[in-house]
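Here's the structure we're looking at; comments come further down.
Order of listing sets the numbers, starting from 1, for every ligand and every atom in it. Values below: every heavy atom of this structure, side chains too, minus hydrogens, waters and symmetry copies.
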Amino acid sequence: MMKPDVGAMGTRVIGHVFIPLDSVDSTNKYAADLIAQGKAPHGTVIMAHEQTAGRGQRGRTWRSTKGLDLATSVVLRPTGLGADRQFILAQAAALAVHDVVSDVMRTVVDGRDGQVRIKWPNDVLVERRKVAGILIQNELSGSKVATSIVGIGINVNSSELDADLNATSLRMETGLEQDLASLLAHLCQRLEHWLGLMEAQRPELGLRYTALLWSRNRFTDMELDGAPFSARPMDVDPSGRLLVEDPSGQVQAFGLDRLRFAAR
Ligand code: BTN
């Protein structure tokens, strides 16, 4: 049997085109520019040692430390993915980041819990502390996703993060320094794994995402339409809305436009 063509990332597709940059405003923006120029095949990975204007969710800025943290964007061209199912890309990305973070956490031997969970829609937390964020920018063509930019920031070797923001890094959690190149390769492998299950329409992806939902089945402080709301996350629906149960037992689905976790 022929061996699959495995590249430097240990993957077949994700990262076969690899663009390392010393400094850039935002890898997501760089990816969008490449797509506009028709120069970004499926699986292109862009990584920057420094981002001068990293983008976060809800128009926020994403800060990382030059040479210490991972800032990367992956260009995907999913085949036949309906716009109504685009949330599955966020799930695949969150699972890939989860896997990388939890593998590192397994090296901790000091008895701390170190539970890694996905906070809806796609923050990755160690216990209550945010270690990674994901910003996905999709372009539609009719009712299908034409291109997706999966932007991933992982706090890796930083050691001075804002405790008020409940941020952490792999180094702060484990005391160990990580090799960014190996981490990126592992991330590409896990992303390829989950995207494969997505393409095969296998149920494992959704089930695993649900199982790893932060605060699942636990009442937690949220905000619904700006007002305090206590509810327990149960699951997500195919469009990515969070299914929550309120104290009266009523289960409803809400999108990010209405529901968010209360700031701590
Ligand atoms: C969040 O707010 O949690 C999402 C943060 C996403 C940050 C990453 S870093 C690489 C990529 N390029 C960007 O400008 N943003 C994403």
Side-chain angles (χ1 to χ4, degrees), residues 9 14-15 18-36 40 43-76 86-87 89-98 100-101 116-126 128-139 147-158 161-162 164-170 178 180-181 183-188 190-191 209 212-214 240 242 256-257 259-264:
M9 297 286 181
I14 304 298
F18 176 50
I19 305 175
L21 302 169
D22 191 38
S23 180
V24 73
D25 46 5
S26 151
T27 55
N28 268 33
K29 176 161 185 311
Y30 191 94
D33 293 344
L34 275 189
I35 289 171
T44 298
V45 170
I46 298 140
M47 191 212 74
H49 293 285
E50 176 186 48
Q51 283 192 127
T52 54
R55 297 176 179 178
Q57 291 158 19
R58 302 173 197 234
R60 286 191 289 240
T61 303
W62 177 262
R63 288 194 180 78
S64 43
T65 312
K66 182 173 186 178
L68 295 185
D69 298 318
L70 194 66
T72 187
S73 297
V74 183
V75 176
L76 302 176
Q86 60 189 294
F87 185 68
L89 293 168
Q91 290 178 298
L95 285 167
V97 175
H98 162 274
V100 169
V101 170
V116 185
R117 291 287 179 269
I118 299 168
K119 188 175 178 186
W120 175 79
N122 51 13
D123 287 347
V124 176
L125 306 192
V126 178
R128 304 179 72 86
R129 301 174 291 278
K130 177 163 169 171
V131 69
I134 299 171
L135 179 66
I136 299 196
Q137 296 176 274
N138 293 337
E139 282 287 336
T147 58
S148 178
I149 299 169
V150 178
I152 297 171
I154 306 181
N155 299 328
V156 181
N157 292 318
S158 288
L161 289 166
D162 198 339
D164 290 349
L165 292 177
N166 249 326
T168 191
S169 70
L170 294 176
Q178 302 297 323
L180 289 180
L183 211 74
L184 178 62
H186 191 197
L187 180 64
C188 291
R190 295 314 297 162
L191 191 57
Y209 178 91
L212 289 170
L213 267 182
W214 183 76
L242 189 67
L256 271 178
D257 52 335
L259 186 72
R260 62 179 65 179
F261 287 96
R264 271 157 292 113

Contact atoms of ligand 1, heavy-atom distance to [X] under 4.0 Å:
| X | result |
| --- | --- |
| Gly56 | 1 (C), 2 (O), 4 (C), 5 (C) |
| Asp123 | 3 (O) |
| Thr72 | 10 (C), 11 (C) |
| Gly54 | 14 (O) |
| Ser26 | 12 (N), 13 (C), 14 (O) |

From [X] [atom1] over to [Y] [atom2], what is the distance, rounded to the nearest 0.5 angstrom?
| X | Y | atom1 | atom2 | result |
| --- | --- | --- | --- | --- |
| Leu76 | Leu89 | CG | CG | 6.5 Å |
| Lys130 | Lys119 | NZ | NZ | 8.0 Å |
| Gln137 | Ser73 | CD | OG | 8.0 Å |
| Phe87 | Asn122 | CZ | CG | 6.5 Å |
| Leu68 | Asn155 | CG | CG | 10.5 Å |

Checking Gln91 now: which residues fulfil side-chain hydrogen bond (donor to acceptor under 3.5 Å, both in side chains) with it, not counting sequence neighbours?
none
Considering only non-hydrogen protein atoms, determine which one is nearest to [atom] and report residue, atom name and distance to 0.1 Å.
| atom | answer |
| --- | --- |
| atom 2 (O) of ligand 1 | Gln57 N, 2.7 Å |
| atom 13 (C) of ligand 1 | Gln51 OE1, 3.3 Å |
| atom 10 (C) of ligand 1 | Thr27 OG1, 3.2 Å |
| atom 5 (C) of ligand 1 | Trp62 CE3, 3.3 Å |
| atom 6 (C) of ligand 1 | Arg55 O, 3.5 Å |

Classify the contact between [X] and ligand 1 as side chain, backbone, both or neither, using a heavy-atom distance cut-off of under 4.0 Å.
| X | result |
| --- | --- |
| Ile134 | backbone |
| Ser64 | neither |
| Lys130 | side chain |
| Arg58 | neither |

Sequence-distant partners of His49, side chain to side chain contact (heavy atoms under 4.5 Å, CB included), two or more places apart:
Asp22, Met47
Result of checking Val100, Val156, Leu170 against Leu70 for side-chain contact (heavy atoms from CB on, under 4.5 Å)
Val156
Is it true that Arg60 lies under 4.0 Å from ligand 1, counting heavy atoms only?
no
Can Thr52 and Asp25 be counted as having a side-chain donor-acceptor contact under 3.5 angstrom?
no
Criterion side chain to side chain contact (heavy atoms under 4.5 Å, CB included) on Ile14 and Val74, from CA distance to verdict:
CA-CA 8 Å; Ile14 304 298; Val74 183; 4.0 Å; yes
